[in-house]
Every structure is written in structure tokens, then in C-alpha cells.
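Keep in mind the model is a prediction, meaning the values are calculated, not measured. Computed over heavy atoms, backbone and side chain alike; hydrogens, waters and symmetry mates excluded.
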Amino acid sequence: MKTAKDTTFLLLTDPEFVRWVKSPDAELDTYWKNWLLAHPDKIKSVKEAREIIDGLKSKQGVLPKNNKYEVLQKILATETPGTRPSSEKNTSQRDPFFWLIMGQWTKVAAILVFVLVSIFLLSRMAIDPAPLEPAEVPKVAMIVKTTQFGEKLNFKLPDGSTVWLNSGSELIFPERFDSLERRVILTGEGFFDVQQDSSSTFRVVSGNLITEAVGTSFNIKYIDMDQLAVSLVSGKVRINHDSLEHGLILQAGQQLRYLDSDKRFEVKPFSTAEITGWREGLLQFSDAGFEEVIRQLERWYGVSISVTGHPSNTWQLSGKYNNQNLDLVLDRMAYIENFEYYISGKNVNLKF
């Protein structure tokens with residue numbers, strides 16, 4: 001078990017403690033204050049060691065030799081703590097010259113340790129330089145492609161996939177895709193011819209549904225926020241939704257219809273020409289009601305349609321109009337449904 005004198009001697013021979021007493025700095029202060037908190041029983045020894053060092057660096061410069069011996073003998077005396085042995089007794093028990101020599105070797109050892117540590121640290125810095133601050137990863141810019149009513153758009157995505165946007169639609173995608181996923185967000189109607197890349201899944205987010213593909217072509221119609229249709233022309237896609245635990249796989253020639261209001265899914269075959277004909281300028285109706293016809297005409301031709309009066313019967317209009325102007329389309333409809341129409345720029349009036 002170490003005595004207080006042993007602790008004091010160890011402190012006096014500790015270069016860091018001596019440096020703390022002689023030239024304190026914030027780092028040393030923090031270390032020794034924490035050390036004292038962990039060793040409250042050593043406070044007396046610390047105070048005594050500080051007093052000794054302060055005495056050795058007195059303003060008069062080097063202390064007289066006899067005073068140095070006396071200071072060291074205080075520490076090394078064998079009497080119990082608290083007693084102050086006489087200088088004569090200490091001198092008879094210890095050879096002052098021996099302890100003076102011991103003190104010099106301690107200084108030499110401290111210097112050697114300091115030099116070796118410095119060399120080690122410098123070599124480490126040369127081999128393992130301080131890590132550089134990581135460069136801030138630039139955010140990927142998002143691109144928004146939109147079509148107004150009466151417009152259609154064809155363009156390529158960063159991965160080479162081709163997209164056709166129907167009238168009144170929007171597609172949001174990043175300036176560049178990452179290595180794991182190619183994600184786009186669609187509102188409206190779009191046809192996708194996806195570039196094959198097995199390491200990066202292509203995902204189209206439309207409302208609550210996510211359509212996943214690797215290398216396929218498909219049409220997504222999401223005009224009515226309550227209804228969505230995914231029509232697969234080639235390849236294979238998986239449809240993901242919160243209510244589908246493992247998703248739903250579509251094969252080529254299958255169409256998924258989803259009604260959001262009651263979370264209902266329906267899969268059935270479809271005609272490719274009817275679904276994708278809009279890309280070639282084919283306007284089609286299949287048993288369409290009056291309101292549906294008006295909405296589609298407005299989107300297709302970019303006009304605003306007002307109505308005077310009411311249809312005399314329920315509409316179930318079917319027909320195909322291939323790259324025909326609005327005047328010709330309305331003329332054919334008016335003959336079947338018995339109404340008059342007036343066109344003034346972008347404004348159209350139907351009169352029943």
C-alpha cells in the first residue's frame with residue numbers, strides 16, 4: 001500500500017505533473033482536476049508536491065544545495081505522516097549525493113521519453129495524416145416535365161428509358177439516378193419504355209401505387225385521383241400497395257385497375273391499340289358518358305368547354321378519331337347526340 005510520501009515522490013517524478021505545475025494549460029488542468037476527483041485521498045500529496053516544485057523554482061533561481069537536500073528528505077523520511085523529522089536525523093539516514101544523482105537521471109529519463117513520444121507522433125502523422133473533412137455530397141437536382149392540355153411530350157430519362165407524357169400530365173425525376181433505384185413520380189398519363197438494368201429497379205410512383213420494372217414497357221393512367229390503371233405491354237411488373245403484402249405481378253397483356261375509395265383491385269386483359277394509341281394521336285371513347293367526353297376533349301385539345309342546356313339522354317359514346325381537329329370531332333358527335341357547338345379560340349360552347 002502506497003503512503004502519502006510515495007505518492008508525492010511519484011508526482012515529483014512525473015513529467016506531466018511537473019509541467020502542469022510549472023506551465024499549466026487547459027488540457028493539463030482538465031486532466032489533473034479529473035484525476036483529483038477520482039483520487040480525493042491524494043489531494044494532500046498533490047499540494048505537497050506542488051509546494052516542493054514551487055520552492056525549487058523560486059525567484060532566486062537555483063536553491064542552495066542544502067535546501068534541495070532538505071526538500072527531498074521531507075518526502076523520503078520514514079516517519080509517519082504529519083510528523084516533521086529533524087534535518088539531522090534525515091541526513092543520517094539518507095545519502096544526499098545519492099538522491100541528487102537519482103534526480104538527475106529522472107530528468108534525463110523524462111527528456112528521453114518526451115523525445116521518443118514526439119518522434120512516434122510525428123511519424124504517425126506522416127504515415128496516417130489527419131483525416132480530411134468529408135466533402136459535402138451535392139444534392140441531386142429534380143427535373144419536372146409537364147404537359148398542358150392539348151400537348152404531348154416525348155423524352156428520355158437519365159438511364160436511357162423513353163417516356164411519353166399525355167396531355168395534362170407531370171413526371172418528376174432526378175437529374176441522375178443512383179446505383180440502386182430509378183424512381184419517378186407520375187401524375188396524369190404516361191407510357192414508359194424502360195431501359196433494362198437488373199441491378200437498378202425502375203419504380204413509378206403514382207398515388208398510393210408503386211409500379212416496379214426492370215426492362216419492360218407499360219402505360220399508367222392516373223388522371224382521376226380515385227382510379228388508376230396500369231397496362232403492361234411487354235415484360236413483367238410488380239405492383240406494390242400497403243394492402244398487398246407481397247405485391248401483385250402483372251404479365252404482358254394484363255391491365256390492373258385500382259379504385260382507391262374501396263381499395264379494390266381488378267386484373268383483366270386489354271387491347272394495346274386502345275390503351276397506347278394516344279401516343280400516335282388516336283383519340284378513343286368506349287361507352288363514355290357525357291362528363292367523361294367533356295373532360296377528355298378539354299385535355300386532348302386544350303380548350304375550355306361550357307354547356308348550355310342538358311343532354312336529352314344518357315351518353316354511351318364510342319368512337320375513334322385519328323389526328324382529327326376539334327371541329328371535325330364535334331361535328332360527328334353533334335350529328336349523333338343532337339347538339340350545336342360554337343368554337344371561339346380556346347373556348348367552346350355546346351348547346352342542347
Query raised in the report: Which word best sums up how the rings of H241 and Y258 line up, parallel for under 30°, tilted for 30 to 60°, or perpendicular for over 60°?
Result: tilted

**Report entry** Cation-aromatic face contact R182/F202, 6.0 Å, 45 degrees
**Finding:** no

**Report entry** Donor on one side chain, acceptor on other, Q195 and S161, under 3.5 Å
**Finding:** no

Requested in this report: Assess the pair F290 and H310: is the distance between their ring centroids shorter than 6.0 Å?
Outcome: no

Query - Option among V205, I185, I143 that satisfies the side-chain contact (heavy atoms from CB on, under 4.5 Å) test with I172 - result: I185

Query raised in the report: Per the side-chain contact (heavy atoms from CB on, under 4.5 Å) rule, which among L228, L248, D260 passes with L209?
Result: L228

Query raised in the report: Around atom CZ of R257, are there more than 12 heavy atoms of other residues, nucleotides or ligands at under 6.0 Å?
Result: no

Query raised in the report: Hey, is CG on N347 packed in by over 12 heavy atoms from elsewhere, all under 6.0 Å?
Result: yes

**Report entry** Quiz item: cation-pi between K145 and F155, 6.0 Å / 45°
**Finding:** yes

Query - T216 and S234 side chains, donor-acceptor separation under 3.5 Å - result: no

Report task. Ignoring hydrogens and angles, state whether a donor on the side chain of N349 or T308 is under 3.5 Å from an acceptor on the partner side chain. Result -> yes

Query raised in the report: W300 ring centre to K152 NZ or CZ under 6.0 Å, with the angle to the axis within 45°?
Result: yes

**Report entry** Spacing of K346 atom NZ and L326 atom CG [to the nearest 0.5 Å]
**Finding:** 9.0 Å

Query - Side-chain H-bond candidate by donor/acceptor type, N219 with W278, under 3.5 Å - result: yes

Requested in this report: State plainly whether the residues E292 and R295 are in salt-bridge range, i.e. N to O under 4.0 Å.
Outcome: no

Query raised in the report: Counting heavy atoms not belonging to K263, are there more than 12 under 6.0 Å from its NZ?
Result: yes

